[in-house]
Structures are given as C-alpha cells and as structure tokens.
Chemist: 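Questions regarding the structure given below will be posed in turn.
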Amino acid sequence: MSNNVKTVAILPARIESSRLPQKALLDICGLPMIVHVYRRCLLARNLDEVYVATDSKEIQESVEKYGGKVIMTSSDHQTGTDRIAEAAKNIDAEIIVNVQGDEALVNPIYIDKVVTELQNNPDINVGILVNPYSKINSPSDIKVVLDKNNNVLYLSRSDIPSNSRFENPTMLKAYHIVPFRKKFLLQFTQLEKGNLEKTEYNEYLRIIEHGYKIRAVHVESDAVSVDTIEDLEYVRSEMPKDKWFSQYF
C-alpha cells in the first residue's frame, strides 16, 4: 500500500514478438512470464493496484487464471506506453507505473524506490530506473546518459558514452520501471513522434524531444528484460535462487 499518492502499476503485454514469439506466456519455473511480473509487483509496498494491459485474449485468460486483473486495450498501439495510457484513462490514480511485462526478475524494492521519487517530488512527471552495465554491442538493451541532476539526456541502442577516446567507459542501462504522473501520461499520447524516437525505436525519447525531463534513479541490478532465448534461459536458471520467487509461488 502506497502513501496518500495513489499509485497503480500497469503491465503492457502483447502476444506478438519478433525475437521471442509469445514471450509473455512462456513458462518460467511453473508460471507464465507475465504472471511472474504481476505477482512481483504485488509485493511492492508503494503500489495500490496492479493490472495487465493487453489486446490478447490468450494473455487475458492466462493472467485471470492466476487471479490477476486485466484491462483490454486496442490493437493499434505501437508502444507499451501508449497502451498503458489507454488503460489508465478510467483508473483513479495520480501515478501510473509502466512495468514492462518481460521484466521477470523485477525487484519490488526497486519499484518502490523509483515510485518514491515521484511521490516525494510533485514537480517530477516521469522517472526511470538505471543500473550499471558493461555488455557491449547489445542493441536490445537501452543505454542511458544523464546530466548532473540525474535527468536523462539521451537513450540509445548503441553503446553510450562513446569508447573512441576511453576504453570501456562506464555505461548505464535503462531498467524499464517507469512511473508517470497520470496527467502527463495522457499528455504524452498527444505528442508527435520525433526523429530520435523513430531512429532508436524508444518512445521515451518522445518526452525528451519535446523538452520534458525524465528523472533517473540508480539501482544495482542483474535483472534482464527477456528479449531473446538466451535471456529466457538466464532467467529460468536464476529464478529458483531469487528471494522473491518463494514469496509468491
């Protein structure tokens, strides 16, 4: 249960995935991946409610089978953020947290940490988690650079900052737990896509291109977004050792 700033997590999930078909429903240690994410969100103290937003009847049936709440959305959305914005329209909350449905090892404490940043600072509209990262040449991972106030300067699928002058510079990776003030989330959907978003295929650049800020919160995490079969096997191997798993399975 959060403080008096009502906060709701919405997990965008779709059945199509070019790199890992039907990944939301893939089994990880006895549960579909999306159910792992849902149940881990329920362990976060700063969340009042959790929903899955999807256009897939298969995902809806799977989540509801395990007692989860689902909001059905349009099939026309090109990004997860646009999907959760539709789902959020009829939800009574000040903060909406976008938790990607492929973050099967998401840490509830980290959800609380980034949500607290918005709950305690009314002037912040969007937050994101970032963690240290060293893997090179991995376009499926979004790298981030920040200013001195921990606001996001840029996000890229390329390795940033450049290693042209310094070997192996410290990198940060986006950990896709992204709280929005609901008012700004709905405003986001009305913003025109810019060239950077189209180039990097990352919707958070839309925020930066229109002159708004994203506040980054640092964590130390080895969690991965499940985008490839290698990611899936890694999560399957780590899940039995994960301390949160035993609390909801």
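By convention here, the first residue in the shown sequence is residue 1.
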Chemist: Is the Tyr204 ring parallel, tilted or perpendicular to the His176 ring (thresholds 30°, 60°)?
Modeler: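 Tyr204 vs His176 ring planes: parallel.
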Chemist: When Val5 is tested against each of Asn120, Ile95, Asn46, Leu118 for side-chain contact (heavy atoms from CB on, under 4.5 Å), which residue passes?
Modeler: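 Result: among Asn120, Ile95, Asn46, Leu118, Ile95 is the only option passing the side-chain contact (heavy atoms from CB on, under 4.5 Å) with Val5.
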Chemist: Write out all pairs satisfying salt bridge (charged side-chain N to carboxylate O under 4.0 Å, His left out) with one or both partners inside residues 123-142, taking only residues at least two apart or from two chains.
Modeler: Asp141-Lys173
Chemist: Kindly say whether the aromatic ring centers of His36 and Phe249 come within a distance under 6.0 Å.
Modeler: no
Chemist: So that I can tick it off, tell me whether Asp102 and Lys23 are bridged by a salt bridge, with the cut-off set at under 4.0 angstrom between side-chain N and carboxylate O.
Modeler: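 Salt bridge flag = yes for Asp102 with Lys23.
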Chemist: Hey, does the side chain of Lys182 reach the backbone of Lys89 with a donor-acceptor pair shorter than 3.5 angstrom?
Modeler: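 At least one qualifying donor-acceptor pair exists.
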Chemist: Answer yes or no: is there an ion pair linking Glu197 with Arg206, defined by an N-O contact shorter than 4.0 Å?
Modeler: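 Judged by the 4.0 Å cut-off on N to carboxylate O distance, Glu197 and Arg206 do form a salt bridge.
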Chemist: Do you see a donor-acceptor pair shorter than 3.5 Å between the side chains of His77 and Asp55?
Modeler: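 No - no donor-acceptor pair under 3.5 Å links their side chains.
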Chemist: So, Gln187 versus Tyr212: side-chain donor-acceptor pair below 3.5 Å or not?
Modeler: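 On atom types as modelled, these side chains qualify, holding a pair under 3.5 Å.
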Chemist: Using a strict cut-off of less than 4.0 Å between a Lys/Arg side-chain nitrogen and an Asp/Glu carboxylate oxygen, indicate whether Glu233 and Arg236 qualify as a salt bridge.
Modeler: yes
Chemist: For the residue pair Tyr51 and Tyr38, is the inter-centroid distance of their aromatic rings smaller than 6.0 Å?
Modeler: no
Chemist: Just jot down the side-chain contact (heavy atoms from CB on, under 4.5 Å) partners of Gln22, sequence neighbours excluded, or say none.
Modeler: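 side-chain contact (heavy atoms from CB on, under 4.5 Å) list for Gln22, sorted by chain: Ile15, Glu58.
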Chemist: Using ring centroids (six-membered ring only for Trp), state whether His210 and Phe188 fall under 6.0 Å.
Modeler: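 No, too far apart.
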Chemist: Could you check whether any side-chain N or O of Lys6 sits under 3.5 Å from a backbone N or O of Asp48, counting only pairs where one atom can act as donor and the other as acceptor?
Modeler: no
